[in-house]
Protein chains: 2
Amino acid sequence: MQTFVYIVMKNRRITLKDLAKDLNLSASTISRALDNHPAISDATKKKVRQKAEELGFIPNSIASSFRTKKTKSIGIIVPRIDIHFHSLVISGIENYAYKNGYNVTIFQSKDSLKREKEITKILQNRMVDGIIICLSIETEKCDHFKKFNKLGVPMVFYDRVPTDFDANKVVINDFESAFTATEHLIKKGCKRIGHIAGNQKTNIFKARLEGFKAALEKYKLPIDKNLILYTKNLGYEEGVTCAKKYLQLPKLPDGVFCANDYTAVSVIQVFRKQGIKIPHDAAIVGFSNYPISKIIEPNLTTVNDCAFQMGESSAKLLIRHIEDKDDFINSESITIRTELIVRESTK
Amino acid sequence: MQTFVYIVMKNRRITLKDLAKDLNLSASTISRALDNHPAISDATKKKVRQKAEELGFIPNSIASSFRTKKTKSIGIIVPRIDIHFHSLVISGIENYAYKNGYNVTIFQSKDSLKREKEITKILQNRMVDGIIICLSIETEKCDHFKKFNKLGVPMVFYDRVPTDFDANKVVINDFESAFTATEHLIKKGCKRIGHIAGNQKTNIFKARLEGFKAALEKYKLPIDKNLILYTKNLGYEEGVTCAKKYLQLPKLPDGVFCANDYTAVSVIQVFRKQGIKIPHDAAIVGFSNYPISKIIEPNLTTVNDCAFQMGESSAKLLIRHIEDKDDFINSESITIRTELIVRESTK
DNA sequence: AATAGTTATGCAAACGTTTGCATAACTATT
DNA sequence: AATAGTTATGCAAACGTTTGCATAACTATT
């Protein structure tokens, strides 16, 4: 009796040395030829490229990174990937990075400071060339990011950015966007305007509230504390609770600016169930231009926060800092233009 | 006049050799000590760990990868990151990978075969340990993935998987899920059930249509061709078009099983505008359990496709294949359990 | 006291690329 | 014909880790 064992041979990868031996050239010449180095003759370049193609040579970028100390990869830390805003930002980052020969490694902090700190350690030994970060909600001090300054690894923060140290930032102008959104309600004739606010520990939501107030002040409308409701996470259910609070007031608001679309949608639904006509009795504005804003009836007027562009700009800024080693720029701050998308909920 | 130029010194990274010199030990001992190798005495391990901590030693994982040929990183190719389904899958992958010391590098094929092919080249020279893929819509032949078999780099496909070669797969049972969804409508008393189908070039949507038909057959209901409508991308607008087609029929369907939630939502909205009561006059079932299914009124009955679990299972399967070099398993196929979430649109 | 076994450490090479410097073999200039 | 300049290539070292093998310095056994 005989037993045959077939062993599937894994192909050993072709290296520069293999090509060199095959062509009777040195590895340095091969390396330079493939890199299109001017010192190498065209004839040699052609020969080398042909042979590389023929033998299926694939450069080992780990070896290259090891030698050059450049990994051509950037790390991203987001609270959660499955939040639509972040997935759009990541998409924008990937898109720009891909075009420029970088790739992106993603980490979720899950809004945990502990995990965020762990991730910075991993990124440090992974030797990424740069990092894009949206801070976890728990993060107040950013000391764990300072090591990257020392190591010369550029960082760009977006959306939730540090306040305690000087960093590259890509943000929108929440104050102004909120101002514009509120102004829009005022121009539509609203006099009693409410606001559903986000967590006031987060600067973004603080700025939206401030922008809201500033618009009322500009147009000499009173700021009624009963019309400003606070939430923890701007969740759909919290929006329902807020809307019900409005219903219990002796007089309803005739307009509501919500700090995100989920709460805006819940206000629309709760109000409509009570027979309140939107926008006739109350006009509603959201924030973020979530897909649902185009589906809810009536369609929701909202602020497009241009998440994809935010991602692209972050990647662009980061890669510029990686590649221009201009030590005189300490930090840059970019503000992305937002736009108010007017739909039926305020028409 | 004097000019001072301050140059910010970048800290040179501490290496094993630095530690070795400092402690009068060899680099090999340091390496083994930090790796908790049994041959090293506890006293030495302690000394080494202390010194490593003191000098802020961070292992250079690029050097390590270079030496060991393991990068502890996995590549992911998805059509688009900002599609909620994929962002959930990625979240599941990242979560499992993180717990197991792997990190994930993401690429978007943008549903382009050309870009998918480019990405496989990048992944090849990036030396990832394994790859998770959802095929682009254009991909019919998978030859560009075969090189990874030769290189011994395991792959796992999810959702859109190859049919032309033997591969590890993680999928849901679309046939059965569609069958169950349709059966649910039948048990609720529907007799004239419609289906809004996805692109029939995609196996998933073919299977959903088949499952739909099989359920009707089992319960001896007629399959009415006029009630089966085909779409290209199952987009919201296409759903609106389909719903309007139903309205033009001499007799409306009393139940519709839609191949995704967007089309289901549009049917609900179009029908309601015509005064058709849901679920009383027509019950609606969707597919995928998108966030909107909990918000639309009435809340949508839908199939939870367990995207997060799909991601986790893909990562688990992949990492098992990376770590157990069991050459006798050629491929594995995993089917994730789905569940029908019954909400008001069929109650 | 000689031998065998154990414990803890070091040597040296290797992974595949890149790059400063050297140099051989030309060509152009006087 | 001598010199200077140019072109094309190779040498050798380096990046920071890991690991098979060797071995020094013990301890235990006869």
Side-chain angles (χ1 to χ4, degrees), chain A residues 10-49 51-52 55-73 101 124-129 151-152, chain B residues 10-49 51-52 55-73 101 124-129 151-152:
Chain A
K10 280 180 206 159
N11 297 14
R12 196 178 64 77
R13 294 173 70 115
I14 305 292
T15 68
L16 286 184
K17 284 180 192 167
D18 297 325
L19 285 177
K21 208 191 279 174
D22 212 283
L23 289 164
N24 245 310
L25 287 167
S26 72
S28 9
T29 301
I30 308 290
S31 171
R32 285 192 265 246
L34 293 171
D35 208 32
N36 205 21
H37 191 285
I40 306 297
S41 72
D42 287 348
T44 304
K45 282 181 187 167
K46 203 175 158 193
K47 261 197 308 190
V48 171
R49 285 191 198 125
K51 188 56 87 177
L55 300 188
F57 169 75
I58 302 282
N60 178 333
S61 68
I62 295 294
S64 170
S65 295
F66 174 51
R67 170 66 227 246
T68 61
K69 310 258 156 275
K70 290 271 143 236
T71 54
K72 282 274 186 175
S73 76
Q124 203 177 346
N125 77 50
R126 284 274 161 182
M127 314 263 293
V128 290
D129 291 348
L151 290 163
Chain B
K10 281 180 203 159
N11 297 14
R12 197 179 63 78
R13 294 173 69 115
I14 304 293
T15 69
L16 287 184
K17 284 179 192 166
D18 297 324
L19 285 178
K21 207 190 281 176
D22 212 283
L23 289 165
N24 245 309
L25 288 167
S26 71
S28 9
T29 300
I30 308 291
S31 171
R32 284 192 265 246
L34 292 171
D35 209 31
N36 206 21
H37 191 286
I40 305 299
S41 71
D42 288 347
T44 304
K45 282 180 188 167
K46 204 175 156 191
K47 259 196 311 190
V48 171
R49 285 190 198 125
K51 187 57 86 177
L55 301 187
F57 169 75
I58 302 282
N60 178 333
S61 69
I62 296 293
S64 170
S65 295
F66 174 50
R67 170 64 228 246
T68 60
K69 309 258 157 276
K70 289 272 144 233
T71 54
K72 282 275 186 174
S73 77
Q124 204 177 346
N125 77 49
R126 285 274 161 183
M127 313 263 293
V128 290
D129 290 347
L151 290 164

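Basis for what follows: all heavy atoms, side chains included, without hydrogens, waters or symmetry-related copies. Below, chains carry the letters A, B, ... as their sequence lines are ordered, and counting in each starts from 1.
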J.: NZ of B:Lys45 versus C1' of C:dT7: gap in Å, rounded?
T.: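 For the pair B:Lys45 NZ and C:dT7 C1', the rounded distance is 12 Å.
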J.: Got a sec? Which of residues 20-30 of chain A come in under 4.0 Å of DNA chain D, heavy atoms?
T.: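 Close to the strand are A:Asn24, A:Leu25, A:Ser26, A:Ser28, A:Thr29.
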J.: Between D:dT9, C:dT19, C:dG16, which nucleotide has the shortest distance from any of its atoms to the side chain of B:Phe66?
T.: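 Among the listed nucleotides, the one closest to the side chain of B:Phe66 is C:dG16.
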J.: Which whole-number value in Å describes the distance from A:Leu55 CG to C:dG16 P?
T.: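 Going from CG in A:Leu55 over to P in C:dG16 covers 15 Å.
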J.: Base, sugar-phosphate, or nothing: which does B:Ser31 touch, judged by heavy atoms less than 4.0 Å apart?
T.: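 Here B:Ser31 touches the bases of the nucleic acid.
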J.: Identify the two heavy atoms, one from B:Ile14 and one from B:Asp18, that lie closest to each other, and give their separation to 0.1 Å.
T.: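 Nearest pair, atom of B:Ile14 first, then B:Asp18: CA-OD2, 3.4 Å.
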J.: Please report the distance, rounded to the nearest Å, between CG in A:Asn125 and P in D:dT17.
T.: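 So the two atoms are 10 Å apart, to the nearest Å.
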J.: Of all heavy-atom pairs between B:Leu16 and B:Ser31, which one has the smallest distance, and what is that distance?
T.: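 Minimum heavy-atom separation between B:Leu16 and B:Ser31: CD1-CB, 3.8 Å.
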J.: Is any side-chain nitrogen or oxygen of B:Ser41 closer than 4.0 Å to OP1 or OP2 of C:dT9?
T.: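 Answer yes for this pair, as a side-chain N or O of B:Ser41 is under 4.0 Å from OP1 or OP2.
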J.: Whole angstrom is fine here: how far is it from NZ in A:Lys46 over to P in D:dA8?
T.: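 It works out to 16 Å between those atoms.
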J.: Without decimals, in angstroms, what is the distance between B:Leu16 CG and D:dT17 P?
T.: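 In whole Å, D:dT17 P lies 4 Å from B:Leu16 CG.
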J.: Out of C:dG20, D:dG20, D:dT17, which has the shortest distance to the side chain of B:Arg32?
T.: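 Looking only at side-chain atoms, B:Arg32 lies closest to D:dG20.
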J.: Rounded to the nearest 0.5 Å, how far does CG of B:Leu19 lie from CZ of B:Arg49?
T.: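 Between B:Arg49 CZ and B:Leu19 CG, I get 13.0 Å after rounding to 0.5 Å.
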J.: Looking at every strand, decide which applies to A:Lys17 at a 4.0 Å heavy-atom threshold: base, sugar-phosphate, or nothing.
T.: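 Base, at least one base heavy atom under 4.0 Å.
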J.: Does the B:Thr68 side chain pair with the main chain of B:Ser64, one donor and one acceptor, at a distance under 3.5 Å?
T.: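 Indeed, once roles are kept as given, a pair shorter than 3.5 Å links the two residues.
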J.: Can you see if the side chain of A:Ser61 gets near the phosphate of C:dT17 - specifically, an N or O under 4.0 Å from OP1 or OP2?
T.: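 No, A:Ser61 has no side-chain N/O under 4.0 Å of OP1/OP2 on C:dT17.
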J.: Which whole-number value in Å describes the distance from A:Asp18 CG to C:dC15 P?
T.: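 Rounding to the nearest Å, CG of A:Asp18 and P of C:dC15 are 10 Å apart.
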J.: How does DNA chain D look in dot-bracket form if you count Watson-Crick and G-U pairs under 3.5 Å, write [ ] for pairs that cross, and put | where a base pairs with another strand?
T.: ||||||||||||||||||||||||||||||
J.: In whole Å, I'd like the distance from the CD1 atom of B:Ile40 to the P atom of C:dA8.
T.: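 It is 9 Å, rounded to the nearest whole Å.
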J.: Can you check whether A:Phe57's main-chain N or O pairs, donor with acceptor, with A:Lys51's side chain at less than 3.5 Å?
T.: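 Answer holds: no.
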J.: Between B:Thr68 and B:His37, just flag the one whose closest nucleotide in DNA chain C comes earlier from the 5' side.
T.: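 Upstream on the strand: B:His37.
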J.: So if I take every side-chain heavy atom of B:Ala63 and compare against C:dA8, C:dT17, D:dG16, which nucleotide ends up nearest?
T.: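 Among C:dA8, C:dT17, D:dG16, the one nearest the side chain of B:Ala63 is D:dG16.
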J.: Which whole-number value in Å describes the distance from B:Met127 CE to C:dG16 P?
T.: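 Whole-Å distance recorded here is 8 Å.
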J.: Determine whether A:Leu25 and A:Ile30 make a side-chain contact, defined as any pair of heavy atoms from C-beta on separated by less than 4.5 Å.
T.: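 Answer yes - side chains close enough.
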J.: Is there a side-chain contact between B:Thr29 and B:Leu23 (heavy atoms, below 4.5 Å)?
T.: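 With C-beta onward as the side chain, the pair stays apart.
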J.: Of the non-hydrogen atoms in B:Ser26 and B:Ala20, which two are nearest, and what is the gap between them?
T.: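 Taking every non-hydrogen atom into account, C-CB, 3.8 Å.
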J.: Which value, rounded to the nearest 0.5 Å, describes the distance between B:Arg126 atom CZ and B:Ser65 atom OG?
T.: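 If I round to the nearest 0.5 Å, the distance is 11.5 Å.
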J.: With a 4.5 Å limit on heavy-atom distance, are the side chains of B:Lys69 and A:Arg13 in contact?
T.: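 Result no, sub-4.5 Å side-chain heavy-atom pair not found.
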J.: Hey, is the side chain of A:Thr44 poking within less than 4.0 Å of OP1 or OP2 on D:dT9, counting only N and O atoms?
T.: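 A:Thr44 to D:dT9 OP1/OP2: side-chain N or O found under 4.0 Å.
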